[in-house]
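Reading through the structure tokens given below for one structure.
The basis for the numbers below is simple: all heavy atoms, side chains too, and nothing from hydrogens, waters or symmetry mates. We number each residue from 1, following the sequence as shown.
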Amino acid sequence: MAKVLFINPTVREEEEPKHIPMGMAQLAAIAIKEGHDVQIFDQNAWRQEDDVVRDVISSDNWDLIGIGGITTAYASIKKLVKICKACSPKSLISLGGGVLTSIPKEVMSWLPEVDFGFVGESYKTIVDVLDALDTKNYDLKNVDGLILRGDNNKIIFTKQRTLLHDLDLLPYPAYELFPVKEVYFKNSAMMYSEEGMLATRRMDINGSLGCSLVCKFCYHLGITGDMKYEKNKSGEVENVSFDKEGNYTRNIRFHSPDYIINQAVYLKKKYDVNFIYFLDENFMTMDVFSKRTWLRDICKGWKEAGLVPKKKKDGTWDGVYWSGTSHATLCNPEVLGMMAKHGCSHLVYGYEHFDDRILKTIGKGSNRKTNLRSFFWTLKAGIRPIPNQIIGFPNEDFDSLRMQMKAWDDLGIVTKPHFATAYPGSLWFTEYRDEILNQYKGQGKKLGLHDDLEAYIYDLGDASRVSGVISKNFNAVELVGLREMMLHRQYDKIDQYEKEWRRKHNIKDGEPSTLIREKISKFKKIEVA
């Protein structure tokens, strides 16, 4: 029996911890089911000082310390692995999640404290690793889905791990190992709907893995079959690559409605939850993929299990409200109406933009009309639509910024846009990697890091602030300033700055306000009324 410590690194230090990490919670549940001794230290929840972290790591003789997370947790992970190696030098230290899978060789070279990493999906890999640790003279080279340090510290890949076909084989996440009542229930409120704001005992469910869309800013990192192992002439795996434009792989997997309903009932009985948030990339993908039966059966099961919420006079309710994500072209009034009747309070829409010239270049599959239509469909159904928008696309120009503002006028809202960001594993990262590295030139050495790419990864956040700019027309300062003017509805200030910008770049009035005319001029300009 192996003794395992999972550590959840700090994510988004500027925000309160709101979500139990589902991947880690699932891996912990699998390890427990296999008979291993598992503990979790949730640094994202506790936000403890380094001395406390050292005490936790030194508290036992761990066979394996497993750390994992998304790319934006890299700075926290870098600190944690150093502490782990210093406080528990005999323990194996592993790393998994998107932070590793997106650029595995680079991350392993930056973090010498990490003994091996989990590449791609780890549901089966964790079982094989722990089984190996239970044997004498184990050799992790025989375990699929790993990246290891070989002779002379050479980084090697083992055979690629196959995906789990049936997600219903997974146990429920080990929620009980996290500070549910002490931290997560206190941060239950979600500022997206009345019910979300009043939620006091919210928990999360992940109903699926994958999305049918091919957005250039998104990354799946092997969970949809999009990851390929690249071999050299000797047949050795050199690195991993992901979908390239025009060559997409999509292996959509999702839990059965019965599994999801049973999990919701479990959370209601164990924690008396009053709100469940579905973490799925795109809730509507699964419904379309199942020929419109998935959400229908979930709603039916929600009702049969007695989970449909009923409001009381004091504003509280019996039952469980829920929310998730949607897509402009995949929803329809019938499905939305059904969801509203069964407790769906809000849906997050990745609209990204309201200029068709931009939308046609990012693989979103939607347009201005479908975005506007889905917003009002959702509102009419009784569900609060939550729009997500982005500025700073490669071919963003002044006209497209005005189209974003015009959409706010049409919808009667204002949304603070995120900045277009090329995260590792996305098509954008492959396309704009050199440009990004030029922006971070010399930063690696200045910060005491290995190279400029690590400096970029170290700087990455949740796209609410500027990091690497991929816009051809605007720099970081311009994007921040333009966003402020947009939020204050300052059309006149934007008009004034455009005149200065045109003079600076020698672009005449009447010509497209862009430095890449060949990419933007082929799309019909939409006039801002």
Side-chain angles (χ1 to χ4, degrees), residues 192-193 208 210-218 245-246 248 250 252 278 280-292 294-296 323-340 344-397 399-418 420 427-428 486 519-520 522-529:
Y192 296 148
S193 62
S208 63
C211 173
S212 60
L213 304 177
V214 292
C215 303
K216 294 183 179 181
F217 51 82
C218 197
E245 190 168 3
Y248 303 107
R250 290 293 179 270
I252 309 299
F278 287 94
D280 303 70
E281 284 186 73
N282 185 345
F283 222 38
M284 291 298 168
T285 286
M286 272 47 72
D287 198 49
V288 173
F289 197 80
S290 66
K291 298 181 180 179
R292 297 296 185 187
W294 195 62
L295 280 171
R296 181 199 66 192
S323 64
T325 55
S326 188
H327 185 267
T329 67
L330 303 182
C331 67
N332 62 49
E334 181 182 359
V335 170
L336 292 169
M338 174 187 66
M339 294 167 68
C344 182
S345 70
H346 67 263
L347 289 171
V348 177
Y349 282 88
Y351 289 137
E352 323 312 354
H353 220 289
F354 284 85
D355 187 332
D356 284 347
R357 300 173 307 153
I358 302 293
L359 288 168
K360 286 179 180 178
T361 65
I362 64 176
K364 193 70 187 178
S366 58
N367 56 43
R368 176 182 173 82
K369 180 179 179 181
T370 57
N371 284 353
L372 294 171
R373 183 183 66 185
S374 65
F375 181 92
F376 289 111
W377 276 355
T378 306
L379 204 60
K380 185 176 181 180
I383 299 173
R384 184 67 62 89
I386 307 300
N388 182 72
Q389 289 176 249
I390 299 174
I391 63 169
F393 287 96
N395 51 349
E396 191 88 65
D397 64 3
D399 289 330
S400 64
L401 294 177
R402 294 187 186 96
M403 288 304 295
Q404 294 277 49
M405 297 168 68
K406 177 60 169 56
W408 299 342
D409 296 337
D410 294 339
L411 299 174
I413 63 169
V414 173
T415 300
K416 189 174 184 178
H418 289 85
L427 287 168
W428 274 353
M486 291 171 67
K519 287 190 176 183
I520 198 75
K522 66 179 180 180
F523 298 118
K524 182 180 178 182
K525 177 181 175 181
I526 301 176
E527 297 295 338
V528 182

Donor-acceptor contact below 3.5 Å, side chain Gln404 vs main chain Thr415: no
Min side-chain heavy-atom separation Phe283-Leu295 under 4.5 Å: yes
Ile383/Ser345 under side chain to side chain contact (heavy atoms under 4.5 Å, CB included): CA gap, chis, key distance, verdict: CA-CA 5 Å; Ile383 299 173; Ser345 70; over 6 Å; no
Lys406/Asp410 ion pair, N-O < 4.0 Å: yes
Under 3.5 Å side-chain donor-acceptor pair for Glu334 and Trp377: no
Any donor-acceptor N/O pair, His418 side chain to Glu352 backbone, under 3.5 Å: no
Donor-acceptor contact present, side-chain Lys216 to main-chain Thr361, <3.5 Å: yes
Closest heavy-atom pair and its distance - Arg368, Asp356: N-OD1, 2.7 Å
Crowding at OH, Tyr192 (>12 non-hydrogen neighbours, <6.0 Å): no
Contact summary for Trp294 and Asp287, nearest pair of heavy atoms: N-OD1, 3.5 Å
Option from Asp397, Ile391, Asn395 for which side-chain contact (heavy atoms from CB on, under 4.5 Å) with Phe393 holds: Asn395
His353-Glu396 side chain donor-acceptor pair, cut-off 3.5 Å: yes
N/O donor-acceptor pair under 3.5 Å between Thr325 side chain and Asp280 backbone: yes
Ser374 and Tyr351: side chain donor to acceptor below 3.5 Å: yes
Ser290 side chain vs Met286 backbone, donor-acceptor pair below 3.5 Å: yes
Heavy-atom side-chain proximity of Asn367 to Thr329 below 4.5 angstrom: no
Check against side chain to side chain contact (heavy atoms under 4.5 Å, CB included), Lys364 and Val214: CA-CA 7 Å; Lys364 193 70 187 178; Val214 292; over 6 Å; no
4.5 Å side-chain heavy-atom contact, Arg296 and Val335: no
Arg373, CZ atom: more than 12 neighbouring heavy atoms under 6.0 Å: yes
